[in-house]
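Below, chains carry the letters A, B, ... as their sequence lines are ordered, and counting in each starts from 1. Atoms considered below: every heavy atom in the structure, side chains included; atoms not considered: hydrogens, waters and symmetry mates.
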Amino acid sequence: MASQAHAVPASESHEIRGLVDTRIVAFYLVTGLIFLLISMLAGFLFSMQFLQHYPLKGIALFSPGKWRLIHTNGVAYGFIANIFLGMMHWAIPRMTLRPVFDKRLSWFIYVAWQAIVLATVVGLLAGQAQALEWGETPIWVDPVAQLGLILVAINFLPPIIRAPGPMYVTNWYFIAALVWTPLVYAMGSFIPQYFFAGAPAGAIGGMFIHDLVGLFVTPLGWGMMYYSVPILLKKPVWSHGLSLIGFWGLAFFYPLTGIHHFLFSPIPMFLQYGAVISTIAIEFVVTTVIINFFMTLRGSGDMLRSNIPIRWYYVGMVNYFITCLQCSFQTTLTFQKIIHFTDWVVGHAHLVMFGVFGFWLIGFVVQILPRACGKAGWYSNSINEWVFWLTSSSMAVMFVDLMIAGLVQGYQWRDLAPWEASLKASTPFWLVRTVAGTAMIVAQFMFAYNIVKTLAAKPVAAGAAARPAAGGAQPGLAPA
Amino acid sequence: MFESKTGIFLVAGLGFFALAFLVMGLLPWLIYRGEPILTVDDMVQKGIVPEFVELAERFPKQFAQYFGKPDEKSFAAAIRRGHQLYVGEACWHCHSQQVRPVSNETLRWGPVSHAREYQNELQMPVLFGTRRVGPDLAREAGRRTNDWHIAHFFKPRAVAPLSVMPEYTWFFDANGVPNRDGMALITYMQWLGSWLDHYPYYQGEGPAGPGPAEKVNMRGI
């Protein structure tokens, strides 16, 4: 198993030519994971409030609500964005055989992005949140983050645009995501703050919540899958036609779905219907993508056992299918009556953001980090096994737990039970949620330990160790 | 087009996004364009809630220090600050401000929320909310006394033994009197829904107010 991280010896030559800045990849991956740990601890803190045992009661700076904001924003901008940036630094030059637009710009973006995330944390603690879910970044951070996102597009688009010949699927997703992300951010951060009020602001807010997932995280995630999975399985994606359907289906339907976050609201009803229909349509598109990837896996099923990144990726895909299937039901008015505003939605959000994209990103770190740091492999593969099983099983527990909690809450509310009755009924579920979350956090700390130990190992000598002799000095492989 | 750079950049990237924005974003704005977006100063012209005056009477010294006299101007300042705290403390991630026409919500809280109620500067961005750990607050005005809110913000479990709402002790001074922020937040609570002709509404009182939201005559809005 030790060799699984080195399944792509052929591409080493790109590093030699200095196309891939492996250092920045390593920096992004490690920074992203640090933010994941912080965000998870913030989530743990907030969950303790639900058990009436908040450890830091009475301290304004530790107001539970504020740490809830840090939890979600930290995940979105600290964890997910950082690792995706590292991933693009790794994948784009390899696919296009061209460096990014400017390596100094890359480092500038790296530093600026961390400053943006930290400024967001400070702003949130100072009570300056913006009333936009997932986009609570204070209004003075928004223009800076906007600029950062535009710079990211400027840095990554040129190699893709300049590369001749037909584009690989991954790059379709990357182009689209690089265009969409700044647009989505601009739309969400500025329009409902300065131009629209009320229901129209809600329509924009709903689109923002959903587009952030659908037009920023999802396309980068699938782009990453189309990149990594064939490399690890050593075979092409099963059907090019399905790849096309998957991409264009997502591109068309996803942006139309946002209003489903506010059904039965004063947003015009026919638009709510439109959003519901688009959401259900997405489910069909998703099914084609899932079929495509599982047909690709056919014949290599053994890799699920032997290759940890592949396992992260495919379990993430199963979770993706589950969330999308769940989504096509919960978006209907029938389900909305009961589950809206309940923990069902919280479970759904965790399965998407962590069970799918979190899993993929962790899988990517497992696949790439030792190579990006010039190490022979992981310090311990069995720790990585533990991380996988602990994380994925507790994710499953949390999801099912919150889903049932949501139903209980929804029915109690509808039945006009006293509010406190629903709190009482929810408490066991909240306890399970905290326990499952704690297990996830423990797993991530084990992963962190593995990383620290791996980084502490001696770098691979030039031309030696597990990779085929590339010969000579490897400037791109300097230890991080 | 389906695999070309320009196709993906222009059609999928810019085109589909613009289409969705036009249909799902601009259209609702066009539909509600006739509804002016009120400022807080517009809204307080219709009078201040009695609870604000009561705060001034109950804590004359502190109130005078924080807000001066209970008039439209200080009322507006209190609401604005209360809203700011409501957002900054993420109350809106545990409370919604939207009564839906389903699941007996009208029986629990009162009339269904109407688009017009949200056409004001304190709903930029809108505070529909997405999670109800605690109850909806769109009809909170007058449901509880100031004293109840004071006790509740200081120690929610003093009045609701199973509450999981945080203790907001930093909204109080050393003597347990609400400080400026505390008074502002209570004022904001007492204002939410005070624009309706009939309020407060208590659960169990039968059908909500005079009828569906469309027929509700909203004071000032």
Side-chain angles (χ1 to χ4, degrees), chain A residues 49-50 52 54 57-58 60 63-66 68-69 127-129 131-133 161 166-167 172 175-176 179-180 183 187 192-193 196-205 207 244 248 251-252 255-256 258-259 261-262 264-268 271 337-338 341 345-346 413-414 416 419-420 423-424, chain B residues 2-3 5 8-9 12-14 16-17 19-21 23-25 27-29 31-32 37 84-85 87-94 96 98 100-104 107-108 113-115 118-121 123-132 134-135 160-164 166-167 169-170 203:
Chain A
Q49 177 61 43
F50 289 71
Q52 304 181 337
Y54 193 73
K57 256 207 286 229
S63 175
K66 289 180 177 172
R68 190 253 187 230
L69 301 178
Q128 297 169 342
L132 175 75
E133 192 166 17
I161 305 279
M167 268 195 309
W172 312 344
I175 292 186
V179 176
W180 284 330
L183 288 174
M187 173 187 77
Q193 182 75 37
F196 293 6
I204 300 284
M207 277 207 276
L244 274 166
W248 283 95
F252 182 76
L256 293 168
I259 290 177
H261 285 264
F262 299 119
F264 295 118
S265 75
I267 297 171
L271 292 176
K337 286 180 193 164
I338 300 302
F341 291 130
V345 184
V346 180
W413 296 347
R414 188 204 61 180
L416 295 176
W419 198 265
E420 280 182 85
L423 297 178
K424 189 172 179 193
Chain B
F2 292 119
E3 294 181 57
K5 287 159 194 160
I8 288 170
F9 191 97
L14 297 177
F16 287 172
F17 183 86
L19 176 74
F21 177 72
V23 177
M24 293 294 185
L27 204 54
W29 177 75
I31 290 170
Y32 288 123
I37 299 175
Q84 207 175 34
L85 293 163
V87 174
E89 294 282 347
C91 311
W92 54 292
H93 281 308
C94 277
S96 55
Q98 183 206 337
R100 302 183 303 162
V102 293
S103 296
N104 294 327
L107 294 183
R108 197 188 278 277
S113 295
H114 190 285
Y118 297 94
Q119 288 296 106
N120 65 67
E121 67 165 311
Q123 296 290 347
M124 297 176 77
V126 76
L127 288 171
F128 288 152
T130 50
R131 176 76 179 90
R132 278 180 190 150
L162 295 176
S163 181
V164 298
E167 294 174 7
T169 45
W170 49 90
Q203 180 176 341

Could you check whether any side-chain heavy atom of [X] comes within less than 4.5 Å of a side-chain heavy atom of [Y], counting everything from C-beta outward?
X	Y	value
B/Phe21	A/Pro255	no
A/Lys424	B/Pro161	no
B/Ser163	A/Trp419	no
A/Phe341	B/Gln98	yes
A/Leu69	B/His93	yes
A/Val345	B/Thr130	no

When rounded to the nearest 0.5 angstrom, what is the spacing between [atom1] in [X] and [atom2] in [Y]?
X	Y	atom1	atom2	result
B/Ser96	A/Phe262	OG	CZ	11.0 Å
B/Glu3	A/Leu244	CD	CG	4.5 Å
A/Ile267	B/Leu27	CD1	CG	12.0 Å
B/Asn104	A/Lys337	CG	NZ	11.0 Å

Picking from [options], which has the most non-hydrogen pairs under 4.5 angstrom with chain B?
options	result
A/Ala203, A/Pro166, A/Ala176, A/Ser265	A/Ser265
A/Gly205, A/Gly258, A/Ala129	A/Ala129
A/Ala131, A/Pro192, A/Gly65	A/Ala131
A/Ala201, A/Ala60, A/Gly202, A/Gly127	A/Ala60
A/His261, A/Lys66, A/Gln193	A/Gln193

Heavy-atom distance under 4.5 Å to chain A: side chain of [X], backbone, both or neither?
X	answer
B/Cys94	side chain
B/Ser103	both
B/Leu85	neither
B/Tyr32	side chain
B/Val87	both

Donor-acceptor pair, distance only, cut-off 3.5 Å: does the side chain of [X] make one with the backbone of [Y]?
X	Y	result
A/Trp248	B/Phe2	yes
A/Gln52	B/Leu162	yes
A/Trp180	B/Ala12	yes

Ignoring hydrogens, what is the shortest heavy-atom contact between [X] and [Y]? Give both atom names and the distance.
X	Y	result
A/Ile175	B/Lys5	CD1-CG, 4.2 Å
B/Gly13	A/Leu183	O-CD1, 4.4 Å
B/Val126	A/Gly198	CB-O, 3.5 Å
B/Tyr118	A/Pro266	CE1-CG, 3.7 Å
A/Pro200	B/Pro28	CG-O, 3.8 Å

Chain B contact via [X] - side chain, backbone, both or neither, heavy atoms under 4.5 Å:
X	answer
A/Ile204	side chain
A/Leu271	both
A/Pro268	both
A/Leu423	side chain

Checklist entry - Under a 4.5 Å heavy-atom cutoff, which of B/Pro125, B/Ala90, B/Ala20, B/Gly88 has the most pairs with chain A? => result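 Looking at each of B/Pro125, B/Ala90, B/Ala20, B/Gly88 in turn, B/Pro125 comes out on top.
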Item to check | Aromatic plane relationship, B/Trp29 with A/Phe196 - under 30° parallel, 30 to 60° tilted, over 60° perpendicular | outcome: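 Answer is parallel, since the angle falls under 30°.
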Checklist entry - OH of A/Tyr54: more than 12 outside heavy atoms within 6.0 angstrom? => result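 Buried by this count: over 12 neighbours within 6.0 Å.
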Item to check | B/Glu89 versus A/Ser63, side-chain donor and acceptor atoms under 3.5 Å | outcome: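 Yes, because at least one side-chain N or O of A/Ser63 sits under 3.5 Å from a partner of the opposite role on B/Glu89.
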